[in-house]
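Values below: every heavy atom of this structure, side chains too, minus hydrogens, waters and symmetry copies. This chain uses plain numbering: 1 for the first residue, then up along the sequence.
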Amino acid sequence: MTLVLPVDPLNPAADAIRQAADVILSGGLVAFPTETVYGLGANALNPEAVARIFEAKGRPRTNPLIVHVADTGSVLNVVADWPETAVRLAARFWPGPLTVVVSRHTVVPDLVTAGGPTVAVRCPAHTVARELIRAAGVPIAAPSANRSTELSPTRAQHVLRGLNGRIAMVLDGGECPCGIESTVVDVTGTVVRLLRPGVITVTMLEEVVGRVVVGPGHENVARSPGQMTKHYSPGTPIRLCTDQDPMVVSDISRWSGKRWGLVHFLGSAGPSVNGVVLRGLSDDPRSAAADLFEALHSLDEAELDWIAIIMPPDTPEWAGVRDRLIRAAAET
Ligand code: TXA
Ligand code: MG
């Protein structure tokens, strides 16, 4: 059984945080809210504890984990080098939804970095996450709290859909405000690389560090399998429509007589279609991201034959949402 402890997201009770920190320190797993998605946390310095994350998620050991720290100063305990670009990015975006890949410190177990020379680090903004890390007194390795390749959780119930009985505890702090995982950047090379888009956009990054190259270099490809393959996928098949014209909906309705759902990003201007489970998300990228995984989880639970998604525009502000949708629809 997984213990669910409700906590106030802005002012969590000290005894709940203490209980969760004690689970972490005894080598167990705790799912906790961050501003992006729920994380599945373990003591990042304890290889047996970290191994339990891979077991609970069914995650391949080739996919490295993000190490979460309570403040910018503590990052120096887990990195070998904290270059000027990282200093500037952390000053601007931490605490917050940005993960920075740098050279690893030798204290970080191989399992966390998938044996590679780098470590991904992030200082989350969510009060529950920061208080948990502080109370534990150790950095916390945490992937998203879902089974490998499945949808990321933005509610405690989503965590339980995949991991009930497989982890010791969930701190239920309600909804995650950003709704999609952190932006991941690699600053180990001569040029800053965006490995995963999120609510911190390329435009925002470039204001701080100059030119940013989108996509992994050859040296990152093997270490970021999450960038290449099926990920964030509901059980229900997904079809992406690249045409924004709501007229596409009448075409879709001819594709099949089965039960299907439709997600669009047209805000209140969305189409209305008889007999279809409609889910309209905001035409603002930040608000749409906040509701994205919740929409996909609830459509997935509606036992539809398939889900159609009218894609939002191909602009930097929508990159994070588009990335999750493209991988949700990928078959392998
Ligand atoms: O918002 C988030 O980042 C959430 C919350 C819990 O913090 N965490 C999260 O973790 O999304 P996960 O494991 O689901 O995604 C981490 C991504 C993966 O694509 C992984 O391949 C990449 O970061 N990554 C981790 N360490 C890396 C490294 N050393 N080099 C390159 N990519 C790395
Ligand atoms: Mg994940």
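You'll find the side chain of W82 reaches within 4.5 Å of the side chain of V75, heavy atoms only. Residues L195 and V101 are in side-chain contact: their nearest non-hydrogen atoms beyond the backbone lie under 4.5 Å apart. Residues V50 and L65 have side chains in contact (heavy-atom distance under 4.5 Å, counting atoms from C-beta outward). Taking 4.5 Å as the limit, every side-chain heavy atom of D283 sits out of range of all side-chain heavy atoms of L266.
Side chains of T113 and R104: a donor on one and an acceptor on the other come within 3.5 Å. Using modelled atom types and a 3.5 Å distance limit, the side chains of T188 and D186 yield a donor-acceptor pair. For the residue pair S74 / D71, a side-chain donor-acceptor distance below 3.5 Å is found, with atom types taken as modelled.
Here the CD1-CG distance, from I53 to L111, works out to 8.5 Å after rounding to the nearest 0.5 Å. Atom CZ of R166 is separated from atom CG of L40 by 10.5 Å, given to the nearest 0.5 angstrom. Here OG of S144 is found 13.5 Å from OH of Y38. Values are rounded to the nearest 0.5 Å. Expressed to the nearest 0.5 Å, how far CG of N43 lies from CD1 of I133 amounts to 11.5 Å. Rounding to the nearest 0.5 Å gives a distance of 14.0 Å between SG of C123 and CZ of F93. Expressed to the nearest 0.5 Å, how far NE2 of H158 lies from CG of L151 amounts to 8.5 Å.
Of the listed residues (L171, V30, D172), just one forms a side-chain contact (heavy atoms from CB on, under 4.5 Å) with L5, and that residue is L171. A side-chain hydrogen bond (donor to acceptor under 3.5 Å, both in side chains) with H297 is found for exactly one of E150, R155, R161, namely R161. Among L262, L304, I238, T236, the one residue that satisfies the side-chain contact (heavy atoms from CB on, under 4.5 Å) test with L299 is L304.
Listed here is the closest heavy atom pair of P177 and H126: CD-CD2, 4.4 Å. Taking all atoms of both residues into account, the shortest heavy-atom contact from R286 to V199 is NH2-O, 3.6 Å. Residue T127 comes nearest to P9 through the heavy atom pair CB-O, 3.5 Å, listed as atom of the first residue, atom of the second, then distance. The minimum heavy-atom distance linking A288 with S282 is given by the pair CB-O, 3.5 Å. L194 and V202 make their closest contact through CD2-CG2, 3.7 Å (heavy atoms, listed as atom of the first residue, atom of the second, distance). Across all non-hydrogen atoms, the minimal contact from A114 to T62 is CB-O, 3.5 Å.
Checked by atom type and distance alone, the side chain of E317 never pairs as donor or acceptor with a backbone atom of P285 at under 3.5 Å. A distance-only check finds no donor-acceptor pair linking the side chain of R59 to the backbone of S148 [under 3.5 Å]. Panel note: side chain R259, backbone A302; a donor-acceptor pair is recorded below 3.5 Å.
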Under the side chain to side chain contact (heavy atoms under 4.5 Å, CB included) rule, what do L240 and I326 come out as? Steps first, then yes or no, please. CA-CA 8 Å; L240 304 180; I326 289 165; 4.0 Å; yes
Run the numbers on V276 and W260 for side chain to side chain contact (heavy atoms under 4.5 Å, CB included), then give the verdict. CA-CA 6 Å; V276 172; W260 56 284; 3.3 Å; yes
Could you check L296 against I309 for side chain to side chain contact (heavy atoms under 4.5 Å, CB included), going step by step and ending with a plain yes or no? CA-CA 10 Å; L296 295 178; I309 299 178; 4.2 Å; yes
List the steps and the verdict of side chain to side chain contact (heavy atoms under 4.5 Å, CB included) for R324 and E181. CA-CA 9 Å; R324 303 315 186 274; E181 301 83 348; 2.7 Å; yes
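Checked against side-chain hydrogen bond (donor to acceptor under 3.5 Å, both in side chains), S182 has the following partners two or more places apart in sequence or in another chain: T99, R196.
Follow the hydrophobic side-chain contacts under 4.5 Å out from V187 and you reach V87 in the same cluster. The cluster map of Ile, Leu, Val, Met, Phe, Trp and Tyr, joined by side-chain heavy atoms under 4.5 Å apart, puts M169 and V159 in different clusters. Residues I180 and W318 share a hydrophobic cluster, clusters being chains of Ile/Leu/Val/Met/Phe/Trp/Tyr side chains in contact below 4.5 Å.
Applying the salt bridge (charged side-chain N to carboxylate O under 4.0 Å, His left out) test to every pair with at least one member in residues 112-121, sequence neighbours left out, gives no pairs at all.
Salt bridge annotation for E131-R18: absent, with no cationic side-chain nitrogen under 4.0 angstrom from a carboxylate oxygen. Ion pairing between E84 and R88 holds under the 4.0 Å rule for side-chain N and carboxylate O.
W94 does not carry R122 over the face of its six-membered ring by the limits of under 6.0 Å from the centre and within 45° of the normal.
Environment of CD in E303: sparse, with no more than 12 heavy atoms of neighbouring residues, nucleotides or ligands closer than 6.0 Å. Atom CD of E175 is surrounded by 12 or fewer heavy atoms from other residues, nucleotides or ligands within 6.0 Å.
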